[in-house]
Amino acid sequence: MTAPPTRPGRSTTALRELNGLRVLVLHPQDAESRLLMSHLKRIGCVPTQQWPLPEKLGADADVVVLPIEEDQRDAIQMLADGLNELSPPLVGIVEYENPATLQLVLQSGCTGVIERPIRPFGLLTQLLLARTAWRQQAATLAHVRKLEDRYAAVSKVATAKTLLIAREGITEHEAHRRIQGRAMATRSSLEDVAQTIINELS
Amino acid sequence: MSPAHGHRVGLLFSHESLTAATEVTQENATLLAIDEVNAAGGIAGVPLIPVRAQVGAQPPDYRQAAEWLCDVQRVPLIFGTHMSSTRKAVLPVIESRRALLFYATLYEGFEYSPNCFYSGSVPNQNSVQLASYVIRHFGNRVFFIGGQYVYPRESNRIMRELYEQAGGEVVDEVYLPLNAPQEDVTQVLKRAVALCPDAIYSTMVGRDIVKLYRAYRELGLDPARMPIVSLATNETDVAALTAEQAEGHITAAPYFATLDTEPSRRFAHAYRARFGEDSPITAGAEAAYFQVHLVALAARQAGSLAPPDLVRALDGAQFEAPQGLVTIDGDTQHTSLWPRIARINAQRQFEIIYAARAAVRPVPYLVDHALDPEALALP
């Protein structure tokens, strides 16, 4: 008799968003795509279908499902080159697992794959994994951006301080208080004050 | 086997598994329905011939039996399996032979196989109503006890969400290995009592159920204040309990043999006439019964039992089942059912205390369940 160390919590965001998730299926109309579309509807997603592969992806889908196949190599590459951080995650449909196909999977930037023949089992998992990886990546990017901004500010302040110390013969502590004082007096950011000082002194 | 002799159909129910008692009722009901179909002329004059597989207790035994039915007996369809683990073990066999499985047991949802039809409840047809009723009548603190496999985990996840929606609390959650010893069940129950929940939600199955209700009685607990509530406890479990052990506890299911309607009385009468006056009838048996009739209706319409034709004909198929009019939802291949809740009385009978006013459509892929205002508002 043991209680589990971790308890299953409430549904994660990823699970909840399945209902109404906009899935763009890039696939020719055929029996397999009909199966795919009907299972997407069954699990509560809102699928739309399009073919041939577009050159660019819009932001109006939450996940894109597309075949990763040799005869589409150039089109896939073009699509992948046009991806940016706002582009939705991709789930590939693969028929082979040979190195050439795997390379294409990597180049396409897929964060999930399903296999041919397409069957219902496994689709839900891949959608979830792709969305979760995408969300984590978006969060990481946002964090990196914030750190970059902060780093730029910190390095400007450091430059301004160095200039003040060199030109006015004051200590680092005094330089810091000077910048802080001006920022408070003018109600502007340390970074802006530092920039003004750099402009004045260099 | 040529249709001139009959259409052979497979039965895959174990007499040895943890849930054997309920599976036997499902097998009985399947045989009864096959007889009724044949008495009504079979499929265009050709009778259905039941082929029963010997099934051991474990999932691999079910898989082996499915292989025997498909490959040696060449049946196009199988009625059976019970626990989710046994359905999962059999489905790859069914899919690879392009056969069909008809599954007549409640389960946790999140499944669709083009080769499977589901005639038991999914959570939007039983958990939602049960949680709503129990919160309304007993309070919003609950203790979970269940077995270590997929159904208890997922069923508890949904129950937890429903309780949290109502501002309630899951005071603890314990999973025992299947076939747990009686002492362990008693220990868990003691722990539950110490936490003072308003109800104990049990996802124990089969023979383990009986241990829970016995332990409850031995501890002198009061079902009027803190009942065991369940989706799985049924007439076969109650048959193994005394009235003192069973009375006052609550189960949600689409069918109870106490249901006093003409189709229900007819079914219960025919079942008991054939299998004995004292033989318990379960919701699983009722689903097993009506799914055979649905197959027969569809086969007559399709003119064959060949899976692709049958699947098409089953889309939207309806039957006046003992529980009420049931309809197959072609999109999910699950079934619209009539949620009910019953309390076990001093005669060890399930007394129906809540019945949905209409059949509820199956939503097997529902992530967010909401409490049922109708069941919440009941007096």
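Labels below follow one simple rule: chain letters A, B, ... track the order of the sequence lines, proteins then strands, and each chain is numbered from 1. Computed from a predicted model, the values in this text were never measured in an experiment.
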Is the [atom1] atom of [X] crowded by more than 12 outside heavy atoms at less than 6.0 Å?
X	atom1	result
A:Arg22	CZ	yes
A:Arg73	CZ	yes
A:Asn19	CG	no
B:Arg141	CZ	yes
B:Gln182	CD	yes
A:Arg116	CZ	yes
B:Gln318	CD	yes

Chain A contact via B:Glu111 - which portion, at a heavy-atom distance below 4.5 Å: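 The answer is neither part of B:Glu111.
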Any residue of residues 23-55 of chain A which, by heavy atoms, sits under 4.5 Å from chain B: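 Near chain B, by residue number: A:His39, A:Arg42, A:Ile43.
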Part of residues 179-196 of chain A lying next to chain B, heavy-atom separation under 4.5 Å: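 Residues of residues 179-196 of chain A touching chain B at under 4.5 Å: none.
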A:Leu18 CG to B:Tyr365 OH distance, which is reported to the nearest 0.5 Å: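 Reported value, rounded in 0.5 Å steps: 10.5 Å.
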